[in-house]
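None of these values were measured; they are calculated from a predicted model. Counting starts at 1 for both ligands and their atoms, following the listed order.
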Amino acid sequence: MDPADGLIDHPYDVYRRLRETAPVHRIAGTDGRPAWLVTRYDDVREALADPRLSLDKSRAKEGNYKGFALPPALDANLLNMDPPDHTRIRRLVVRAFTPRRVEQLRTPIRRTADHLLDALGPQGTTDLIASYAAPLPITVICDLLGVPERHRRDFRVWTDTLVAPDPTRPRAAKEAVAAMLGFFTELLADKREAPADDLLSDLIAVRDEGDRLGEDELMSLAFLILFAGYENTVQLIGNAVLALLEHPEQLAQLRKEPSRLPSAVEEFARYEGPALLAIRRFPTKDVTIGGVTVPAGETVLLSPSAANRDPARYPDPDRLDLDRDTSGHLALGHGIHYCLGAPLARAETEIALAALLERFPDLVLGESDVRWRPSVRARGLLALPVTYSQ
Ligand code: HEM
C-alpha cells in the first residue's frame, strides 16, 4: 500500500501519520512515478527556499518524471523555471502587476460579488461553488488580464479538465490544451492590434520593447496567471465558507467583528488551503531533507497543507482558530516562487466572504453532501450546497 493512500478523503489523518513516522516518505507521485514526500513544517519551509531544489523538469532523471506534457508555448512559465530566467521574468511581471493594480480591483471585485449574490435572490438553496466561488475569481482575473466575456466560460471548462482529469475521457485534457493554445494565440494577436488598459497589454508592451520576454514566455505567463489566479482562489473561497459553516460559533464572531476578516483569511489558508500536494521540485545535487538523503534528479513533493497542520509549528493544528498566530503559514508558498498573486488572492477571499456574510445573515449548509474534488493537486470542493436568506 502506498503511504499516501487516502489523501483525498482524509488528507490530514494521512499527513499526521506520515509526519509522525518519518520526515520524508517514498510515495507514488501524481504521475504514478516514485517521489519523496515532505510533510513537516521546518523541512517544507527550508526546502522551499533551497536553491538546490530546481523547478526545471529537465533536471529530472530519465524515466523519473512523467508529468502532463504542455506545449512549449504554455510550459515556459515561472513555475518551471529557476534563476536567472525566473528572476528576469518575475521582475517584469512585478512591474506590471503592482499593488496599485490590486487596490484598484477592490471596488470592481465587490461589485462582481454583489451582482452574483443579487442573482441568487432573497432566499433559496444553491451550490455556492457554481454560483459564487467560481464565477467571482474568473471574472476578476479575466478583467485584470483583459480576457473578453465570450471566452470566460470555455476557460473554466478547460481548467477544470486539467486540474481534475476525468479517467473515462483520456483525450479531454489534450483537447483542452489544444483549445487553450488557440485561445491564447488569438488573444495575444487581438491585444497587439488593440492594446487596452490591462495586464496583458502591459506585458505585450514589455515583450515588444526588446527581447526581454520571449514569445513562448509571454504566452506561458498569461496562461500561468490565468490558471493560477483562477483555480486556487475558487478553492480557498469555497474552503473558507465551508470551514465557517462547520464552525457556527466562529461564524457568529466574524459577523460581529468583520474587521477581523483579513486575519481570518490567513487562518482559512492555513487550515484548509488549496495546495495539498501541489509543489514539485528536482534536486540538482544530492540533498538531505530531515536527515534523509534524496538523490539528484528524483522528484520531491512539498506539501504546504501538511506543513500548515504540523503541531510543532501550530499548536492544536486541526482546530480552526480565527485568533491564532498564523504567521509563516505556507499556503501561498515561500522563497523566490512565493505566490505572485498573493495580495489579489487575499483581497478576493476577504471581499467574497464580507459580501456573503453581509448579504445573507442566514446561511447554513444544505441537505445534500459536500463533495471534495478527486484531486491531490488542489484541495477544493466540487459542490457546496447551502441554504440562505436575507
Ligand atoms: C488562494 C489563492 C492562491 C493560492 C493558494 C496560491 C498558491 C500559490 C503557491 C503555493 C505558489 C508557489 C508554488 C511553488 O513554489 O511551486 C504560487 C505561485 C504563483 N502564484 Fe499563486 N496562489 C493563489 C492565487 C494566485 C493568484 C490570484 C495569482 C495571479 C493573479 C497567482 C499567481 C501565481 C504565480 C504567477 C505563481 C508563480 C510565482 C513564481 O514562480 O515566481 N496565484 N501560488
Atoms of ligand 1 less than 4.0 Å from [X] heavy atoms?
X	value
A331	5 (C), 7 (C), 10 (C)
F97	30 (C)
L79	13 (C), 14 (C), 16 (O), 37 (C), 40 (O)
P274	5 (C)
L224	35 (C)
L236	1 (C)
H86	39 (C), 40 (O), 41 (O)
I141	30 (C)

### Query
Is there a donor-acceptor contact under 3.5 Å from the side chain of K191 to the main chain of D198?
no
### Query
Any sub-3.5 Å donor-acceptor pair from Y15's side-chain atoms to S303's backbone N or O?
no
Is there a donor-acceptor contact under 3.5 Å linking the side chains of [X] and [Y]?
X	Y	answer
T139	T112	no
D286	T293	no
S54	D56	no
E231	Q235	yes

### Message
If the contact criterion is a heavy-atom separation under 4.0 Å, does P304 count as touching ligand 1?
### Response
no
### Query
Has I336 got any heavy atom lying under 4.0 angstrom from an atom of ligand 1?
yes
Does ligand 1 have a heavy atom under 4.0 Å from the side chain of [X], from its backbone, from both, or from neither?
X	answer
T349	neither
R281	side chain
R280	neither
R90	side chain

### Task
Count the heavy atoms of every other residue, nucleotide or ligand shown that sit under 6.0 Å from NZ of K285, and state whether that count exceeds 12.
no
### Task
Assess whether atom CD of E46 is packed by more than 12 heavy atoms of other residues, nucleotides or ligands within 6.0 Å.
no
Is [Y] paired with [X] through a side-chain N to carboxylate O contact shorter than 4.0 Å?
X	Y	value
D42	R313	no
R101	D197	yes
D369	R371	no

### Query
For Y230, what residues pass the ring pair (Phe, Tyr, Trp, His ring centres under 6.0 Å) criterion, not counting sequence neighbours?
none
### Query
In terms of residue, atom name and distance, what is the protein heavy atom nearest to atom 12 (C) of ligand 1?
H337 O, 3.4 Å
### Message
Working to the nearest 0.5 angstrom, can you tell me the gap between E249 CD and L254 CG?
### Response
11.5 Å
### Query
Around atom 21 (Fe) of ligand 1, how many protein N/O/S atoms fall inside 2.8 Å?
1
